[in-house]
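Only one structure is covered here, and it is reproduced in the block below.
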Amino acid sequence: MGLISKNQVPLIGVDISSTAVKLLQLSRSGNRYRVEHYAVEPLPPNAVVEKNIVEVEAVGDAIRRAVARSGSKTKYAAAAVAGSAVITKMIPMPADLDEDAMEAQIELEAVNYIPYPIEEVNLDFEIMGSMPNNPEMVQVLLAASRSENVDLRQSALELGGLTARVVDVEAFAIENAFDLIVDELPIGRDGVVALVDIGATMTTLSVLRNGRSLYSREQVFGGKQLTDEIMRRYGLSYEEAGMAKRRGGLPEGYEIEVLEPFKEATVQQISRLLQFFYAGSEFNRVDQIVLAGGTAVLPGLVEMVDEQLGVATIVANPLAQMALGPRVQSQVQTLAQDAPALMIATGLALRSFD
């Protein structure tokens, strides 16, 4: 199965993160999307560690519960492997090759770019357009992942009652979803945007310009650190701490003693990621920061990033312009709260319309 394959059937986007399975299914009428089905189902601790599936049965069970809760009858899914599990390279190819010849040629060339035995990887490619200054050549995006990364996701989906039709790359899914919010930004499409997805255990920086990714980097840091601190300080279970973090009700000193230091640490992580980007590129600033992931909705975080880094900052909502189907009308509040964490699920759900 390809990593970027084309598709025509209704798909449910399934984002398998370190703490939850997130499902989203969209429909489209004209150029307007509608949210038809959605669910977020927590995973047991350590079922997924830093985006790697460790307990495939536990993930499969969570997918099955999420599908049931969402009410979707779709049997086909789009999932994604993490950027750290994928090698992507731009390679030049003669423009006059047909698809079969191109595929054969790429398989021969791939050996030069991939540090694993070729029989242990899943390969896919997409033609990105002509080479600048050479119309006889095209730029081809090669994506390769160890087969086990793809196989584990397929197995988890099957255990959950779904069939994987598309296995994408998280960075490409984010790019896809970003397209829904880029026109809402005040900076125009050619502005440089830092999209910072702060998950439970990983923070991913994607720098985008004109809708394409310029740079991506992952760092081990996330909202679980805040949950762990709440557990430790207030003697709560993992589930209770997660609930309290979202819904409030913690003792008076919580904001000053726990939340503020965590927000400061988050700003430092974002700053570090940006420094890595500046050090390795021709850019020395970004025009806009967009925060995504569950941690993005922490009260006051946007203002702190904006103020300390001196860059206009907003929270991502890829569903902002979408209508809501009858199944999700009753979930408006939870959907609004979860929306920043649904960037990858949204990008995957959009694969239905390729």
Applying side chain to side chain contact (heavy atoms under 4.5 Å, CB included) to Glu109 and Met93, what does each step give before you reach the verdict?
CA-CA 10 Å; Glu109 292 271 329; Met93 281 280 150; 3.5 Å; yes

Full working for side chain to side chain donor-acceptor pair (under 3.5 Å) between Ser72 and Gln25
CA-CA 8 Å; Ser72 173; Gln25 188 179 343; 2.5 Å; yes

Take Leu226 and Thr295, measure what side chain to side chain contact (heavy atoms under 4.5 Å, CB included) needs, and give me the verdict at the end.
CA-CA 9 Å; Leu226 178 57; Thr295 303; over 6 Å; no

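Between Asp179 and Arg189 there is a salt bridge, since at least one side-chain N of the basic residue sits less than 4.0 Å from a carboxylate O of the acidic one. Between Arg351 and Asp354 there is a salt bridge, with a side-chain nitrogen of the basic residue lying less than 4.0 Å from a carboxylate oxygen of the acidic one. Contact check on Asp151 versus Arg146 returns no salt bridge, with no Lys/Arg side-chain nitrogen under 4.0 Å from an Asp/Glu carboxylate oxygen.
In this structure Asn149 satisfies the side chain to side chain donor-acceptor pair (under 3.5 Å) test together with Ser145, sequence neighbours excluded.
Between the side chains of Ser27 and Glu36, at least one donor-acceptor pair of N or O atoms lies under 3.5 Å. No hydrogens or angles considered: nothing links the side chains of Thr204 and Asp197 as a donor-acceptor pair under 3.5 Å.
Residue-environment remark: CD (Gln275) exceeds the threshold of 12 foreign heavy atoms within 6.0 Å. Enclosure of atom CD in Glu255 is not indicated, since only 12 or fewer non-hydrogen atoms of other residues, nucleotides or ligands lie within 6.0 angstrom. A 6.0 Å sphere centred on CG of Asp183 holds more than 12 heavy atoms belonging to other residues, nucleotides or ligands. In this structure, Ile256 places its CD1 atom where only 12 or fewer heavy-atom neighbours from other residues, nucleotides or ligands lie under 6.0 Å away. In this structure, Tyr76 places its OH atom where only 12 or fewer heavy-atom neighbours from other residues, nucleotides or ligands lie under 6.0 Å away. Counting non-hydrogen atoms of other residues, nucleotides and ligands closer than 6.0 Å to CE of Met304 gives a total above 12.
The stretch residues 10-20 participates, sequence neighbours left out, in these salt bridge (charged side-chain N to carboxylate O under 4.0 Å, His left out) pairs: Asp15-Lys22. The stretch residues 29-64 participates, sequence neighbours left out, in these ring-ring contact (aromatic ring centres under 6.0 Å, His included) pairs: Tyr33-Phe353. The stretch residues 308-330 participates, sequence neighbours left out, in these side-chain hydrogen bond (donor to acceptor under 3.5 Å, both in side chains) pairs: Glu184-Gln321, Glu264-Gln308. Here ring-ring contact (aromatic ring centres under 6.0 Å, His included) pairs that include residues 274-328, with residues two or more places apart or in two chains, are Tyr215-Phe277, Phe277-Phe283. Pairs passing the salt bridge (charged side-chain N to carboxylate O under 4.0 Å, His left out) check and including a residue from residues 218-239, sequence neighbours excluded, read Lys224-Asp228, Glu229-Arg232, Glu229-Arg233, Arg233-Glu257. For residues 89-107, there are no salt bridge (charged side-chain N to carboxylate O under 4.0 Å, His left out) pairs, not counting sequence neighbours. Within the structure, no pair that satisfies the salt bridge (charged side-chain N to carboxylate O under 4.0 Å, His left out) test touches residues 300-315, not counting sequence neighbours.
One finds the CD atom of Gln337 at 7.5 Å from the CZ atom of Arg246 (value rounded to the nearest 0.5 Å). Here the CD1 atom belonging to Ile91 is positioned 12.5 Å from the CE atom belonging to Met128, to the nearest 0.5 angstrom.
The hydrophobic cluster containing Met131 also includes Met137, under a criterion of side-chain heavy atoms closer than 4.5 Å among ILVMFWY residues, counted directly or through chains of members. Grouped with Tyr238 in one hydrophobic cluster are Met231, the linkage being side-chain heavy-atom contacts under 4.5 Å among Ile, Leu, Val, Met, Phe, Trp and Tyr residues. Here Val220 sits in one hydrophobic cluster together with Met202; the rule is ILVMFWY side chains under 4.5 Å apart, joined directly or through other members. Cluster partners of Ile314, by chain and number: Ile174, Phe178, Ile181, Val182, Leu185, Ile187, Val193, Leu195, Leu208, Val290, Met343, Ile344, Leu348. The rule joins Ile, Leu, Val, Met, Phe, Trp and Tyr whenever side-chain heavy atoms lie under 4.5 Å apart.
Formation of a donor-acceptor pair under 3.5 Å by the Glu120 side chain with backbone atoms of Pro117 is not found in this model. Formation of a donor-acceptor pair under 3.5 Å by the Asp287 side chain with backbone atoms of Val192 is found in this model. The closest donor-acceptor contact from the side chain of Thr227 to the backbone of Gly242 lies at 3.5 Å or more, if one exists at all. No donor-acceptor pair under 3.5 Å is formed between the side chain of Arg153 and the backbone N or O of Ala79. Judged by distance alone, with hydrogens and angles left aside, the side-chain atoms of Arg209 form a donor-acceptor pair with the main-chain N or O of Asp190 at under 3.5 Å.
The hydrophobic clustering, which links ILVMFWY residues whose side-chain heavy atoms are closer than 4.5 Å, places Phe172 and Val81 together. Cluster membership for Leu291 and Leu180, using ILVMFWY side-chain heavy atoms within less than 4.5 angstrom, is not shared. In the hydrophobic cluster analysis, where Ile, Leu, Val, Met, Phe, Trp and Tyr join through side-chain heavy atoms closer than 4.5 angstrom, Val67 is grouped apart from Leu24. Two different hydrophobic clusters hold Val297 and Phe262 under the rule that ILVMFWY side chains link at heavy-atom gaps under 4.5 Å. No path of Ile, Leu, Val, Met, Phe, Trp and Tyr side chains, each step under 4.5 Å between heavy atoms, connects Val166 with Leu157, placing them in separate hydrophobic clusters.
Side-chain contact between Thr74 and Leu11 is absent, with no heavy atoms from C-beta onward closer than 4.5 Å.
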